[in-house]
Amino acid sequence: MSDWILVVDDDISNLKMASHILSRENIRVSCLKSGEDAVNFLQGNRPDLVLLDIHMPGMNGFETIATIRENKETADIPVIFLTADDDSNTETRGLEAGAMDFIKKPFVPEVLLLRVRHTIDLIRLQTNLSQEVEKKTQEVTAQHEKLERISMQIVKTLSGAIDAKDTYTNGHSTRVADYSREIARHAGFTETAQNDIYMMGLLHDVGKIGIPDAIINKPDKLTDEEYAVIKKHPILGAGILKNITEFPKLVTGARWHHERYDGKGYPDGISGEDIPMEARIIAIADAYDAMSSRRSYRDVLPQEKVRGEVEKGIGTQFDPVFAGIMLSMIDEDTDYQMREK
């Protein structure tokens, strides 16, 4: 069955252009000219994605998406805004309203197709993850080991999709999971607890699914507004993972891996041992990988520089115990193998 896109724009030429571009790719397209028509249409129809113009007479794009989000039957339908505006305030307001992304007008066919495909794939992957976990957990006990293997494959697939969204962090989630499990092993965690924290590490950045590619992959410094959007990914991640009731601890790594030991982190500003232990471990693993990986503006940092930054963050950014374990791991890694290859 082909994907189904609803395009809402008061400009008929834009509707025709979007319909032409998408239809060539065997995508089913419905076109409407007003926000009011879109709200009425969605009462009895469920497209995979809505492309919504911001500036329309009558109900504008912001009012339309607010109405869509207020209705529990349509609240989770993904929306991408269409706009000719080029200012950060419009983007910030749109993201806060619940838009997944923006597409600039006039349309560039390749960009329109890529953003539409990418958004649909990510939403479908998220939905399939929850459905698959729920389905498998209802099976008989004899299927438990098979369930664990399948769940890990799904988590790794989702983890790969998260990393693929960020041009500069290929393999980041897997490395953070590996480092977190190793820290837990050094700390004396049971094998089950080590495996749990590995799963949490794989999905700690799942909230980035909800952050626009243009912000994640911006090569230069983020504006304050863009950084505020980035800082929402822990809450977005927790919202995604809370539905996996068979593994409630998954939320822990996603929501609190950017908290600081001194209380100056986000999103909740908690400190010390009020931060869940697993999140404190993932925080040091995450920071270590950020320093030992390539970025658009620099290469992998020298090992001694990384060690110095970890040491400097003891008791402020990092839990002293787990940062101390990381220092020991660094000292054991004499050939600096613990980094992005």
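Hydrogens, waters and symmetry mates play no part in the numbers below; they use all other heavy atoms, side chains included. Numbering of residues begins at 1 and proceeds along the displayed sequence.
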Quiz item: Given side chains that start at C-beta, do those of M17 and P106 come closer than 4.5 Å, heavy atoms only?
Solution: no
Check [Y] with [X], please: is the shortest side-chain N to carboxylate O separation under 4.0 Å?
{"X": "K16", "Y": "D9", "value": "no"}
{"X": "R294", "Y": "D299", "value": "yes"}
{"X": "D205", "Y": "K208", "value": "yes"}
{"X": "E96", "Y": "R93", "value": "no"}
{"X": "E304", "Y": "R307", "value": "no"}
{"X": "R115", "Y": "D213", "value": "no"}
{"X": "R339", "Y": "D333", "value": "no"}
{"X": "K104", "Y": "E91", "value": "yes"}

Self-check item: Results of side chain to side chain donor-acceptor pair (under 3.5 Å) for D224 - residues two or more places apart only
Solution: none
Quiz item: Can you name the one residue among L52, I103, I54 that meets side chain to side chain contact (heavy atoms under 4.5 Å, CB included) with T83?
Solution: I54
Quiz item: When the aromatic ring centroids of H233 and H257 are compared, is their separation below 6.0 Å?
Solution: yes
Quiz item: How many angstroms lie between atom NE2 of H186 and atom CD1 of I281, to the nearest 0.5 angstrom?
Solution: 12.0 Å
Exercise. Give me the ring orientation class for Y288 and Y179: parallel if the planes are under 30° apart, tilted from 30 to 60°, perpendicular past 60°.
Key: perpendicular
Quiz item: Would R280 count as a cation-pi partner of F322, with NZ or CZ less than 6.0 Å from the six-membered ring centre and within 45° of the ring normal?
Solution: no
